[in-house]
Amino acid sequence: MDVKNKDQNKAEADITTHEANPYEIVKGLLKEAVTALGMEENIYHILKKPMRVLELSIPLRKDDGSIENYTGYRSQHIDILGPTKGGIRFHPNVSLDEVKALSIWMSLKAAILDLPFGGGKGGVIVDPESLSERELEKLSRAYIQKLAPLIGPQKDIPAPDVNTNPEVMGWMIDEFDKMRGYNIPGMLTGKPIIIGGSEGRLAATGRGVVLMIREAAKVLGIDLSQSTAAIQGFGNVGSMAAKYLDKMGVKVVAITDAHGGIYDENGLDIPELIKLRKQGEYASDYNNASSITNEEMFGLPVDVLVPAAIENQITKDTAPSIQAKILAEAANGPTTPEGDEILEKNDIFVIPDILCNAGGVTVSYFEWVQNSMNYYWKEKEINEKLEEQMMFGFESVLAMRKEKQCRMRDAAYMVGITHIVKALNARGWINDADLGEFTGHIQNEVMDD
Ligand code: NAD
């Protein structure tokens, strides 16, 4: 199973390089966006904290008879647009602040793409590599048992994230259904297709990333069929992004993973690398290419750079060497604020994470809708709907960027906040004084009815 994939485990063990606290970063960006929209600080104070955060104690009897007590979390950011929604991460570096930040990013992603969800995120502080398969199943079941009173298809809907996958989702939903006494397929997404998962969900994030690259290339007048790309990370998202870039005629010349990197100026054999990944091999194990480090990869003269690995990779140290015209943030939080400033100065077109990797939550939404209908769409239909939704998000962010003359990241925050604020207003949480200069915008919309 994927959780046992050695590449992934090592990759996640490497998420130790946090040089910035993601919760502090997201709060800073929220505040700037609220100010830029002409809203009062009250809006920021509503959005900056998750509405509910749960800390779990999960004692687990290990195979050797000992008991280890794991700590888990769930953060539910805001539920005014719909139930909260977001993945569950198993990783030694999970922290309360990380989970809170990820839940806020989920709210913004859903809002940008006009999905009827708020943001949620969960995690357990654990190195899955240290567990047997049986222990991992017990931990997954125990986590969902503890969370059960606070989740459900109309409350909060988990999904896979780092080190969790459809198999883990299968254990979790089985545990939840047993507790409730009947099948509730919409209680989580990213589950195996046979028990209500959606076609196209596994590839959705990478597919969405490449759709966003296609749109960015149009804006910049870049012919992708004559372009090159480099990708950091060859897990679920990186490998799918590589697959669709390759299909689009982009030459993927470099890939790095947690173990090293490979480079071929004539383009790497992506189908072969994907085959190797399925066999549990690393991209960096591939023999028919030269080696490259992360640092060298960042500095390559490529058109498109795709960080699809971990947080805080584009920093004040790595950003200056980046020559790419498009930076597509497939990972969550790959760029630090200092890195961002350098990208802006160097006129690099950034597709921000809360837009770029939103394909996953979009198809999770489709999964939830299909579960509610108990009627299932074919993959073609899912992919068409995904494209429509991602295009909506891209165009909204681009329009905001033009209106405010700002970076794509700030525009994405502003689009997300605007959407949430309209719901806050419709529910009577905020008044005209809170809206500041934004008041007219809301009133016009109400009068248009
Ligand atoms: P994954 O565990 O499947 O893959 C991670 C990849 O990153 C691995 O190939 C690993 O070797 C590589 N990696 C780790 N550390 C590295 C380093 N220092 N240098 C180079 N490569 C390194 O994870 P994933 O599901 O592909 O997720 C990747 C990112 O995308 C994460 O930030 C995740 O939060 C984000 N994301 C994922 C989804 C999804 O649907 N899976 C959705 C939205 C966002």
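Heavy atoms only: backbone and side chains are in, while hydrogens, waters and symmetry mates are out. In listed order, ligands and their atoms are each counted from 1. Note that the structure is predicted; figures quoted are calculated from it, not measured.
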### Message
Please classify the Asn294 to ligand 1 contact at 4.0 Å (heavy-atom distances, strictly less than): side chain, backbone, both or neither.
### Response
side chain

### Summary
A student checking ligand 1 against Arg89 at a 4.0 Å heavy-atom cut-off should list atoms 34 (O)

### Query
Between Lys109 and ligand 1, is there a nitrogen or oxygen pair with a distance under 3.5 Å?
no

### Message
Counting C-beta onward and ignoring hydrogens, is there a side-chain heavy-atom pair between Phe90 and Asp161 closer than 4.5 Å?
### Response
no

### Message
Under 4.0 Å, counting heavy atoms only: does Met240 come that close to any atom of ligand 1?
### Response
no

### Task
Check ligand 1 against Ala331 and write out every atom of the ligand that is under 4.0 Å from a heavy-atom position of the residue.
29 (C), 30 (O), 32 (O), 35 (C)

### Task
Return the option from Ile255, Val209, Asn332 holding the heavy atom at the smallest distance from atom 34 (O) of ligand 1.
Asn332

### Query
Hey, which atoms in ligand 1 end up nearer than 4.0 Å to a heavy atom of Ala309?
7 (O), 12 (C), 13 (N), 21 (N), 22 (C), 28 (C), 29 (C), 31 (C), 32 (O)

### Task
Determine whether more than 12 heavy atoms belonging to other residues, nucleotides or ligands lie under 6.0 Å from atom CG of Asn69.
yes

### Query
Just wondering, do Phe117 and Ser107 contact through their side chains at under 4.5 Å, heavy atoms?
no

### Task
Compare every heavy atom of Lys85 with every heavy atom of Arg74, then report the nearest pair and how far apart it is.
NH2-C, 4.2 Å

### Those atoms of ligand 1 less than 4.0 Å from some heavy atom in Thr256
20 (C), 21 (N)

### Query
Which heavy-atom pair separates Asn346 from Pro320 by the least distance, and what is that distance?
ND2-O, 4.3 Å

### Summary
Honestly, for Ala330 the part within reach of ligand 1 (heavy atoms, under 4.0 Å) is backbone

### Message
Please find the pair of heavy atoms, one from Val209 and one from Ala241, that lie closest to each other, and give the distance.
### Response
CG1-CB, 4.4 Å

## Note on the structure
Logged contact type for Arg201 with ligand 1, heavy-atom cut-off 4.0 Å, is side chain

### Query
Is it true that Asp174 and Arg141 have a side-chain N and a carboxylate O under 4.0 angstrom from each other?
yes

### Task
Tell me which part of Ala283 gets within contact of ligand 1: side chain, backbone, both or neither, using heavy atoms under 4.0 Å.
neither

### Task
From the options Val237, Asn357, Asn236, Ile231, select the one whose nearest heavy atom is closest to atom 37 (C) of ligand 1.
Val237

#### Entry: Presence of salt bridge, Arg407 and Asp410, under 4.0 angstrom
yes

#### Entry: Side-chain ion pair, Glu199 and Lys380, N-O less than 4.0 Å
no

### Query
So does Arg207 pair up with Glu387, basic N to acidic O under 4.0 Å?
no

### Task
Any atoms of ligand 1 less than 4.0 Å from a non-hydrogen atom of Phe234? List them with their elements.
6 (C), 8 (C), 9 (O)

### Query
Considering only heavy atoms, does Ile310 approach ligand 1 within less than 4.0 Å through its side chain, its backbone, both, or neither?
side chain

### Message
Below 3.5 Å, N or O to N or O, backbone or side chain included: is there any such pair between Ala258 and ligand 1?
### Response
yes

